[in-house]
Amino acid sequence: MPKKVERAKMGMIIRDEDTPEKMEVEYTDVTDPGDSDSPVLIYYNWCKKCGICVAFCPTGCLGRRADGAPYVANPEKCIHCETCDRLCPDFAITGAKDR
Amino acid sequence: MPNSKKTTKTTKAAAKETKAQQTDTALKELESKSKRKNVLMQGNEAVSYGALDAGCNFFAGYPITPSTEIAEILAAELPKRGGVFIQMEDEIASICAITGASLAGAKALTATSGPGFSLMQEGIGFAKITETPCVVVNVQRVGPSTGMPTSPAQGDIMQARWGSHGDAPAIVLYPDSVKECYELTIRAINLSEKYRTCVILLLDEVLGHMRESVRLPDMENVRVINRIKPTVPPHWYKHYDENQKYLSPLASYGEGYRFHVTGLTHDALGFPTNKATEGAEMMERLRKKISYNIRDLVQIESHQLEDAKIALFAAGISARSAKAAVAIARSEGVKVGLLRPLTIWPFPDEAVRKMLQHVETVIVPELNQGQLIHEIKRLTKDKSDSNVIGLQRVNGKMITPNDILRKIKEVM
Amino acid sequence: MANIPQRVVHEYLRHDKKFPHVWCAGCSNGTVLGAIIRGIASLELDRNDIVMVSGIGCSSRMPVYVDFNTLHTLHGRAIAYATGIKLYKPNLKVIVITGDGDCTAIGGNHLIHAARRNIDLSVILINNNIYGMTGGQCSPTTPHEALATTMPYGNIEPDFDICQLAMGAGASHVARTTAFHTQEVQKMVVDSLTHPGFSLIEVMSICPVIFGRLNKKGGPAQMMKDLRDNSIPLTAVDKLPPEKVEGKIIRGTLRKEIQPEYCDVYADLVARVQNMGEDK
């Protein structure tokens, strides 16, 4: 997509409030995705931070960091429904029991 | 579809397992019958039998004058042999279907004429870049566009070489008799299997429709080449792993080699790449596959050229007139000879250079506004085209021996 | 329906090759691929017998990621290539992955004829209502008045109902669902693979980066919610008042009939002709 400036000139002014601003993010309290007893594993190399898993997690187990990436905010809430597994477009998350 | 083991879902299993024996008995019975005697045969018919004898077991085509007879004959003959015939919805679908069938292991062929040939160009390019064997028979007619569907022309020679976008060398053969229609169809299929590419067989309307008496060889003296099959197990298989002659073994879908084929520029495994090195490697392989094997590919007929002062350079039906003209001229003591390419592309540079050394003038009779003539001029030493004379005609009429004789007399 | 865990799905991916894949953040092609793999895995088919053919477009980049016999063909021509493969080796399971532009614009002619012939192909059409790969041009299914880079003043053209188009051409199995309803996609993929004839599965999907931004659809999560909320099951259609059905995506199997399958019909022809040969 052309940069915002060009788009404005082309008369296509698009306010895309959904894209998170670029910002420095310090990874403080995030559990290590490889942590074996975490109910949900996230593979950040493949995850493109679309936010779908966070939006559709039925119990609010997943949270979204400032850069848009998911993280296991409330591990205890995971019910292993695998909604995140099925909806993830990047094969980058699994809440399955037998993973 | 030699042994189509049906999935459990169809209810006609009973009729299926005798299928293999049926095909064998049908084949044996066919061998004993007429085709091996001397028969009056049409060019298109000879192409069809050449295809069958070369092992063609898949045809997908679309009706177009003057090549439709090929489809009609194969529609009747292929089912007898357990082969697949389908009339697709257009020529683009036809070239795509035969390429798909070839990837599944078939020896596949299609036939068309100018307008269809133009539609097939993207598909031909795909067959070339993916190095998938198939044959396109183009029975030329007067163009451009709809032109004169029932009149001969040779206007697709450059299209056969450069028709598809991008660079990829071409193998294009051109017979000049009904017998050669049979022989060069077999050769086209053999070359497509050996060099893993789309080979084009050019005819013209006269060749396609004229009848000559011909005796087809018995099957045992017909040399049939099949694609090199991989010997390595699947996990070591590279779809483009060439040996020293830039030829590579070819697995088929359903044989346990789960390879990837794409029209994108690809690496040796067949996966898409944008790396300059891998792209260059692929293009080099496509080029060297032809340029490295010129000796095997180029086929010419040299006709009374040894002492000739004037040489004719002609292909297809124009070459028949040229042969007659040579005979008459020689009877009047004029030293004329003919060089005829059976392989148009790759162009027989070496033979033409040799001819140009000892010949004063070259006359190029062709049914277009000048195509082969450019290749001859390209090869003249001083690039002056004074001694290369064209004899061109695009009105749907053939160039007759007398036309050529008149030109010879003019030039003497 | 079998629940296929993610780790099994990974067994079908060509990991050494191409991951992370090429699709944009939130694009549902990956989600649909996951559902397709789950469908195939639940049938425990032999991978050597599966051929996945695609044309050109975002969804057509799918075959390279899976460990089957895969073929990435020309724009619009996947079905023609698939016809050649299926006819020559009818025992192979041939799956065609295509998009709204690839299948109904440039590839329309091959779609209607394959449907008419009822050749056993599983055509999975991922409909994101836009030409995504080339940057957002209008497609035959771009909604009326929606924005596209080649319809900067709003789409003036009416759009195709792809399922009606396929049924009109004679397709014997036509179904539609959305990328959000992954288990419906999985079930319909299983149906298409077991249905002996032409199957067209239309999966309404989202294109958040191109179509979504141009038309201010609110990002991946919102667009997935829209798929969920703007679609109704076929069974509910006659129970709801017309205004509830208007403009909704109708999910379900619209037609599933057994008709003569082309490869069978051709095999019968061969048997008949060869018997004729013997009688003489």
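All values derive from a computational prediction rather than experimental measurement. Proteins get letters first, then strands, A, B, ... in listed order; numbering begins at 1 in each. Excluded from the calculations below are hydrogen atoms, water molecules and symmetry mates; all remaining heavy atoms, backbone and side chain alike, are included.
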Part of B:Ile95 lying under 4.5 Å from any heavy atom of chain C
neither
I'd like to know which of B:Gly100, B:Gly123, B:Ala101, B:Cys96 tops the heavy-atom pair count under 4.5 Å against chain C.
B:Cys96
Contact class of B:Pro272 relative to chain C, heavy atoms under 4.5 angstrom:
both
For C:Lys89 and B:Ser252, what are the C-alpha separation, side-chain angles and deciding distance, and is it a side-chain contact (heavy atoms from CB on, under 4.5 Å)?
CA-CA 10 Å; C:Lys89 273 192 177 157; B:Ser252 304; 4.1 Å; yes
Are B:Arg81 and C:Val273 close enough that some pair of their side-chain heavy atoms sits under 4.5 Å apart?
no
Strictly by modelled atom types, are C:Tyr88 and B:Asn57 linked by a side-chain donor-acceptor pair under 3.5 Å?
yes
By a 4.5 Å heavy-atom criterion (distance strictly below it), what part of B:Phe85 contacts chain C: side chain, backbone, both, or neither?
both
Before giving the answer on side-chain contact (heavy atoms from CB on, under 4.5 Å), spell out for C:Arg117 and B:Ile86 the whole-Å C-alpha distance, their side-chain angles and the decisive distance to 0.1 Å.
CA-CA 11 Å; C:Arg117 292 192 192 101; B:Ile86 181 168; 3.8 Å; yes
Output yes when a side-chain donor or acceptor of B:Glu89 lies under 3.5 Å from a complementary backbone atom of C:His113, and no otherwise.
no
Checking the side chain of B:Arg258 only, and the main-chain atoms of C:Asp67 only, is there a donor and an acceptor separated by less than 3.5 Å?
yes
When the 4.5 angstrom heavy-atom criterion is applied to B:Ala60 and chain C, the contacting part is neither
Donor-acceptor contact present, side-chain B:Tyr253 to main-chain C:Thr70, <3.5 Å
yes
Going by heavy atoms in the side chains, are C:Asn69 and B:His260 under 4.5 Å from each other?
no
Given heavy-atom pairs under 4.5 angstrom as the criterion, report whether the side chain, backbone, both or neither of B:Leu103 touches chain C.
side chain
